[in-house]
Amino acid sequence: MKFQLKSLAIVLAATFAFTSCSKDDEEITGEGSLKLEFDNVYKDADLAFNTAYVNSNGETVKISKVKYIVSNIVLTKEDGSTYTVPKSQSYFIIDEATEASTLLTLPNIPAGNYTKVKFGIGVDQAQFNLGAAGQGDFLAQAQAAGMMWSWSAGYKFVALEGTFTSSTVPTETTFMLHTGQTGTDYNYAEVTLNLPENALIRTNITPQIHMMADVSQLPDGTNKINFSEGAMVMGGAKLALVTANIANMFEVHHVHND
C-alpha cells in the first residue's frame, strides 16, 4: 500500500512539473488585436451630459461636450520590449456623444503579454510639422469633428464645454476649455498606465483594456481653473496648467482577456 501511494505521489509530481513547464514554455507567436475603452466619468460618477456637478471651487457645472484626441499608442511587454502602433493608424477622436468612438480596436499587434500602455493626448508637434498634406485622412476627420481651430492655429487636443453657475455668477453661463498649440506652448501630453493584469494578446484572444477618464481633472485636478474668473479657457498660462492635469485624468480599471 505504501509503495502504491509513493508511486502515485511520484506520478502526480511529474505530471504537475510537466504541466507547469509546458505553461511556462508556451510559444507565443503570430498577431492579434487589442481593444482600448475610454470610459468618461466625472469624479466617481458616470459622466452624463447636462447633469449638475459641483467642483472644488464651489461652481456648479453642467457638461455638454467632451472630445479629445488620442494618439501615438505604445504597448510594453512583460520583458520590457515595446510595440508602437504605426502613426497612420494611431490618431483617434474620443467623443462622449458618439459611443462607438470610445472603443478603439488596434489590429496586427505581435502576440504577447503586455503590461503597460502609453498614448498621447493631442497631435504631436512632429506630425503637425508635416503640414496639411502630411496629415492623411485625420485632418478631414478633425475638421468634421470640430477639433481644429484652423490649419494655421492647429488642432484642438481637448474640447470640454458646458455651462456653470457660482456665488459670483448666478446666471447659467457658457464655459469652453480647449487645449492645443498657443503661442510657444504646444500643450501636447503623454500618459503612461500600468495594467493591473497583463493583456494577453493572442491570435485567438483580443483583450480589452477598460480605462476611466475623469474629465473633472481637466479644470479641477492638481491645478484649479476657476470659470468664474474667465469662462473661455483657450489660451495663456492656464492651458499649461490644464495640460499638466491630464497626467491624473486616466486610470486602468481592469483588463478583459476573453
Okay, side chain of [X], backbone of [Y]: is any donor-acceptor separation there less than 3.5 Å?
{"X": "E197", "Y": "V255", "result": "yes"}
{"X": "S33", "Y": "T206", "result": "no"}
{"X": "S90", "Y": "S71", "result": "no"}
{"X": "T98", "Y": "D95", "result": "no"}
{"X": "Q125", "Y": "Y186", "result": "no"}

**Message:** Could you work out, with side-chain contact (heavy atoms from CB on, under 4.5 Å) as the rule, every residue matching A244, not counting sequence neighbours?
**Reply:**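 If we apply the side-chain contact (heavy atoms from CB on, under 4.5 Å) test to A244, skipping adjacent residues, the hits are N223.
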
**Asked** Who passes side-chain contact (heavy atoms from CB on, under 4.5 Å) against T168, sequence neighbours left out?
**Response**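 Expected list: S166, S228.
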
**Asked** Are V41 and V61 co-members of a hydrophobic cluster defined by side-chain heavy atoms under 4.5 Å apart?
**Response**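 In one cluster with V61: V41, no.
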
**Asked** Any link between I121 and V74 through a network of hydrophobic side chains (Ile, Leu, Val, Met, Phe, Trp, Tyr) touching at under 4.5 Å?
**Response**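 They do not share one cluster, since no chain of ILVMFWY contacts under 4.5 Å joins I121 to V74.
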
**Message:** Please verify the inter-ring angle class for Y68 with F250; under 30° counts as parallel, over 60° as perpendicular, anything in between as tilted.
**Reply:**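 Rings of Y68 and F250: perpendicular, as their planes differ by over 60°.
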
**Request:** Can you label the angle between the Y188 ring and the F157 ring as parallel, tilted or perpendicular, going by 30° and 60°?
**Result:**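 Y188 vs F157 ring planes: perpendicular.
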
**Item:** Aromatic ring proximity F119/F38, centre distance under 6.0 Å
**Value:**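 Ring-ring flag for F119/F38: true, centres closer than 6.0 Å.
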
**Between F138 and Y155, ring centroids under 6.0 Å** =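 Yes; Y155 has its ring centre under 6.0 Å from that of F138.
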
**Message:** Applying side chain to side chain contact (heavy atoms under 4.5 Å, CB included) to N55 and K224, what does each step give before you reach the verdict?
**Reply:** CA-CA 9 Å; N55 66 25; K224 309 298 181 184; over 6 Å; no

